[in-house]
Amino acid sequence: MNPANLSGFRALLYKELLRFWKVSFQTIGAPVLSTVLYLMIFAHVLDPHVTVYGAIEYTAFLVPGLVMMAVLQNAFANSSSSLIQSKITGNIVFVLLPPISYREFYAAYVLASILRGVAVGFGVWLASLAFVFVAPKAPLWMLAFTVAGGGILGSLGVIAGIWAEKFDQLAAFQNFLIMPLTMLAGVFYSVHSLPSFWYGVSHFNPFFYMIDGFRYGFFGVSDVSPWVSLSIVSVFLAVLSALTLRLLASGYKLRG
């Protein structure tokens with residue numbers, strides 16, 4: 001494919017896909033391995049002792065949470081790392097100079113983030129087949145939360161990439177915001193097993209609704225109604241998209 005023959009959006013999307021695919025051992029293989037290690041350890045220790053939702057084995061319960069966690073974390077990593085690298089090396093000018101609108105800019109970065117998240121999540125699901133087979137019961141719900149969740153984290157990655165001026169600022173965004181919200185969103189447990197205080201706190205975490213709704217796509221059961229989760233996730237996506245587009249339109253920390 002010759003990028004010179006593509007429109008602005010398609011050329012930028014192609015560049016973003018190529019960016020992570022060229023180093024797929026690092027951007028896809030490594031996160032799949034690290035996520036599967038969670039499955040190996042927790043499943044080995046807890047599977048004989050824990051069942052969830054009445055009859056679901058713990059290993060099976062864990063798989064959708066880990067898949068969605070991989071989707072979210074890698075969607076964020078893709079857009080944020082791409083922008084911060086371009087800003088620090090100075091090649092962001094080659095993205096800003098061509099006649100690409102801020103909407104095309106946003107769509108290309110976020111779509112590439114979703115696709116990287118899907119690639120890693122699919123890899124985690126394939127690897128989990130060595131431990132347990134979990135087939136989706138409601139794949140459309142799974143697809144909806146994958147796209148919405150990947151879009152949210154892709155947007156957050158764009159915001160973080162615009163805001164950060166150094167790699168340690170980006171690392172702080174990831175380590176003190178993205179990672180805690182993901183790990184405390186019910187990946188490893190049902191929120192019904194928490195004390196009442198933490199049960200209530202969990203409902204203020206938007207990541208909880210992404211993971212719980214995605215898990216509904218596998219089992220047909222969840223901690224809260226998937227319609228409630230989808231409504232909250234959709235509002236969150238709309239707000240973040242509007243904020244990101246506003247930042248891109250103003251050229252904040254990109255132009256000037």
Side-chain angles (χ1 to χ4, degrees), residues 31-32 34-76 117-118 120-122 124-150 152-153 177-237:
V32 168
S34 60
T35 307
V36 170
L37 289 175
Y38 284 116
L39 186 64
M40 291 175 62
I41 296 168
F42 282 92
H44 177 72
V45 173
L46 295 177
D47 192 68
H49 311 289
V50 179
T51 57
V52 188
Y53 299 144
I56 297 175
E57 295 178 353
Y58 184 71
T59 304
F61 171 83
L62 197 53
V63 169
L66 290 175
V67 170
M68 191 57 173
M69 182 177 79
V71 170
L72 300 178
Q73 290 182 347
N74 285 278
F76 175 83
V118 168
V120 177
F122 185 67
V124 171
W125 180 74
L126 283 180
S128 74
L129 295 179
F131 302 88
V132 62
F133 175 67
V134 184
K137 287 187 176 180
L140 290 180
W141 280 108
M142 192 180 67
L143 179 64
F145 282 100
T146 300
V147 173
I152 287 171
L153 270 293
L177 182 67
I178 303 300
M179 182 65 77
L181 287 176
T182 307
M183 300 292 282
L184 298 175
V187 172
F188 301 99
Y189 53 84
S190 165
V191 293
H192 286 291
S193 63
L194 297 174
S196 58
F197 174 77
W198 292 111
Y199 174 83
V201 170
S202 297
H203 288 72
F204 290 96
N205 180 1
F207 287 52
F208 160 68
Y209 298 98
M210 301 179 214
I211 290 173
D212 194 56
F214 184 79
R215 186 172 276 133
Y216 179 87
F218 273 84
F219 301 123
V221 292
S222 54
D223 288 320
V224 300
S225 164
W227 289 107
V228 172
S229 295
L230 188 61
S231 300
I232 293 172
V233 169
S234 298
V235 170
F236 196 46
L237 175 61

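Start at 1 with the first residue, then count along the sequence.
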query = Is it true that atom CZ of Phe122 has more than 12 heavy atoms of other residues, nucleotides or ligands lying nearer than 6.0 Å?
reply = no
Ring centers of Phe214, Phe218 separated by less than 6.0 Å = yes
message = Quick check on His44: does its NE2 atom have over 12 non-hydrogen neighbours (other residues, nucleotides or ligands) under 6.0 Å away?
response = no
query = CE/Met210 to CG/Leu72 distance, rounded to the nearest 0.5 angstrom?
reply = 6.0 Å
task = Examine distances only and state if a side-chain atom of Trp125 and a backbone atom of Val134 form a donor-acceptor pair shorter than 3.5 Å.
result = yes
ask   = So, does Asp212 use its side chain to make a donor-acceptor pair with the main chain of Gly186 at under 3.5 Å?
value = no
query = What's the spacing between Ile211 CD1 and Thr182 OG1 if we round to 0.5 Å?
reply = 6.0 Å
inquiry  = Within the 4.5 Å heavy-atom criterion, are Phe208 and Asp223 side-chain neighbours or not?
reply    = yes
key: Leu39 vs Thr35 side-chain heavy atoms within contact, under 4.5 Å   = no
task = Show the numbers, then the answer: is there a side-chain contact (heavy atoms from CB on, under 4.5 Å) between Met68 and Arg215?
result = CA-CA 8 Å; Met68 191 57 173; Arg215 186 172 276 133; over 6 Å; no
request  = Check whether any side-chain heavy atom of Leu184 lies under 4.5 Å from a side-chain heavy atom of Phe207, and answer yes or no.
outcome  = no
inquiry  = Can you confirm whether Phe188 sits close enough to Leu66 that some side-chain heavy atom of one is under 4.5 Å from a side-chain heavy atom of the other?
reply    = yes
ask   = So, do Ser229 and Tyr216 sit near enough that their side-chain heavy atoms are less than 4.5 Å apart?
value = no
task = Report the C-alpha distance between Gln73 and Leu153 in whole Å, list the side-chain angles of each, state the deciding distance to 0.1 Å, and finish with yes or no for side-chain contact (heavy atoms from CB on, under 4.5 Å).
result = CA-CA 7 Å; Gln73 290 182 347; Leu153 270 293; over 6 Å; no
ask   = Tyr38 and Leu62: side-chain contact (heavy atoms from CB on, under 4.5 Å), yes or no, with the steps?
value = CA-CA 9 Å; Tyr38 284 116; Leu62 197 53; 5.8 Å; no
task = Given side-chain contact (heavy atoms from CB on, under 4.5 Å), test Leu230 with Trp141 step by step and report yes or no.
result = CA-CA 9 Å; Leu230 188 61; Trp141 280 108; 3.8 Å; yes
message = Taking the six-membered ring for Trp, are Tyr58 and Phe42 closer than 6.0 Å centroid to centroid?
response = no
key: Flag side-chain contact, heavy atom, 4.5 Å: Met142 against Val67   = no
inquiry  = When you compare the side chain of Thr51 with that of Phe61, does any pair of heavy atoms fall below 4.5 Å?
reply    = no
